[in-house]
Structures are given as C-alpha cells and as structure tokens.
Amino acid sequence: MKIRRAKDYADMSRKAANIISAQIILKPCARIGLATGSTPIGAYQQLIDWYRKDDLDFAEVVTYNLDEYRGLAHDDPQSYHYFMRKNLFDHVNIDLANTHVPDGSNLDAEAACAEYDAMVKAEGYMDLQLLGIGNNGHIGFNEPDEVFSKGTHCVDLTESTIQANSRLFDRPEDVPRQAYTMGVQTIMHARSILVIANGDAKAQAVYDMCFGPVTPRVPASILQLHTNCTVIADEAALALCPL
Ligand code: F6R
C-alpha cells in the first residue's frame, strides 16, 4: 500500500485525477471502477476540465460504478445513476452505453446483482478501481461484517452509513435502507486501486485501513493485501497515521 499525503481536498483531487488520467492515456479503452459520494467530486471536476482542454479523451473508456441504492429509478436525483451523469458523464465524451451502475430499479436483488457481476467478470475486472472510504471503514457499500463479501450483492445499510448519507436527502427517513454493491472480492480483482480520503471524520478509518489488522470489521483493511493500491489522503485524514 502506497500512502501519498495531499495538502488539502484540491490537492488530493488533482493527484487522484492525475492517476485516472494516466490510466486513460496509457489504455484508452481502460475499464475504470468509479465511486460516488462527496470525496471524488473534485477529481471528476478536474477530469472534466482536462477533457475540455482536449487533454483527455473518454471515447473508449468503460466504467463500472461500485454501488447503487435499491429501489431508486435511474433518473431519481438521489440515485447514483443520476449522480454520475451530473458529476461526470454528461460533461465528457464518454459513450453512455459504456457506463454501468448496478440497476437499483430492479427490485429482484438476486437477478440485478448476478447480472452486474457477470458483466464485470466478462470485462476481465477493472484496470483501475477508484474508492472512497466510509467513516466505519466501508468500501462500496460493503459494511463491517463477520466475513469479507465476494461478488455483487444486496446489503442492509448500517445506521452509521444511513446517518452519514442523510445529509444528501431532504429527510433522514428518505435514505434507502438497502443497496446493491460490488463485493470486496470483485474490488480486489482490480489491477490497481486508488483510495481517496479527506477530512478529520475519516482519520480513524484511514488509520484502520492502512495500519490496523486486516479484518472484515474494517472492510477497507483488506486493501493492505492488494499488490497495487495507492491511498491519497489529505492532512486531516492522515492525522492519526504514523507517517
Ligand atoms: C460510494 C461509495 C462509498 C463512499 C463512502 C464515502 O459509491 O462507494 O463507499 O465512497 O461512503 O463517502 P463520501 O465520499 O461521501 O465521504
């Protein structure tokens, strides 16, 4: 695990965008795993900026998002489908047919997850997987558990995640209670992984991910076992790390 210190959110975002951009330049048809949430928005803005300056071409890029709330239509403003269009896809020349997000509108969890898993596997997994990290150490929606999850599956969100995500909804009771997420095993199949984190609320999770025991109680801790994982975090998120 390589840990890179960023000065602040803007620096973290630019460093992350540099790695994503390098991947696309080296392999224009790269398979890139994407995350939603607050953390990657700055990196997506930087990628859009470079696209507008003609420095980046998404024409052949293929993307797979980590997760989606169960029960939300694709055009629901709270859905991750909507988030990705608003924050990245609608502003670059990516072919929407090459973008994939688990189908939260399909309430048949088993079918929706099996279909997504089959697609990710058929692609040969991700060249680069971008991850944020939850305050409780979750990656995707893989919450602390007794075992590490494998493929795409339906999860019950923990109270801590519902609480953290409620800032994005009008009322806490509007936060969906379930989500479809890529499993930890699927994430670990990526050839390279980039984790980004900022802010002091993430300090404990970042410490546990990088220096704690590898345990499904902190799903991100398994990334210590990946051979090509880079963490880019700002000063506040690295505050507890002995670096
Ligand atoms: C979302 C995802 C989640 C977030 C995590 C951090 O696709 O994979 O694991 O990365 O909840 O969220 P933010 O960035 O909002 O702090």
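Worth knowing before you read on, the calculation uses all heavy atoms, side chains too, and leaves out hydrogens, waters and symmetry mates. One-based numbering, in listed order, for ligands and for the atoms of each. These numbers were taken from a predicted model, which means no experiment stands behind them.
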Is the distance between the ring centroids of Y69 and F141 less than 6.0 Å? yes

Q204 and D208 side chains, donor-acceptor separation under 3.5 Å: yes

Show the atoms of ligand 1 that are less than 4.0 angstrom away from any heavy atom in G132. 10 (O)

For atom 1 (C) of ligand 1, which protein heavy atom lies nearest, and how many Å away is it? T36 OG1, 3.1 Å

Against heavy atoms of G140, which atoms of ligand 1 measure under 4.0 Å? 2 (C), 3 (C), 8 (O), 9 (O)

V206 side chain reached by V195 side chain, heavy atoms, under 4.5 Å: no

Can you name the one residue among D11, L238, V231, D234 that meets side chain to side chain contact (heavy atoms under 4.5 Å, CB included) with R5? L238

Heavy-atom contacts with L66 under 4.0 Å: which atoms of ligand 1 show up? List them by number with element. 8 (O)

For atom 11 (O) of ligand 1, which candidate among M182, E143, H138 provides the closest heavy atom? H138

Just heavy atoms, cut-off under 4.0 Å: does D67 contact ligand 1 by side chain, backbone, both, or neither? side chain

Identify whether the distance between the nearest side-chain nitrogen and carboxylate oxygen of D90 and R85 falls below 4.0 Å. yes

Give the contacting part of I133 toward ligand 1: side chain, backbone, both or neither, where contact means a heavy-atom distance below 4.0 Å. backbone

If we only count heavy atoms from C-beta on, is the H189 to M126 side-chain gap below 4.5 Å? no

For atom 16 (O) of ligand 1, which of E68, M84, K202 has the closest heavy atom? K202

Show which atoms of ligand 1 fall inside a sub-4.0 Å distance from at least one heavy-atom site of T39. 13 (P), 14 (O), 16 (O)

Taking K27 first and then E60, would you say they form a salt bridge - that is, a charged N and a carboxylate O separated by under 4.0 Å? no

If we only count N/O pairs under 3.5 Å, is Y80 in contact with ligand 1? no

Exercise: do E143 and N136 side chains pair donor with acceptor under 3.5 Å: yes

Could you list the atoms of ligand 1 found under 4.0 angstrom from a heavy atom of G37? 14 (O), 15 (O)

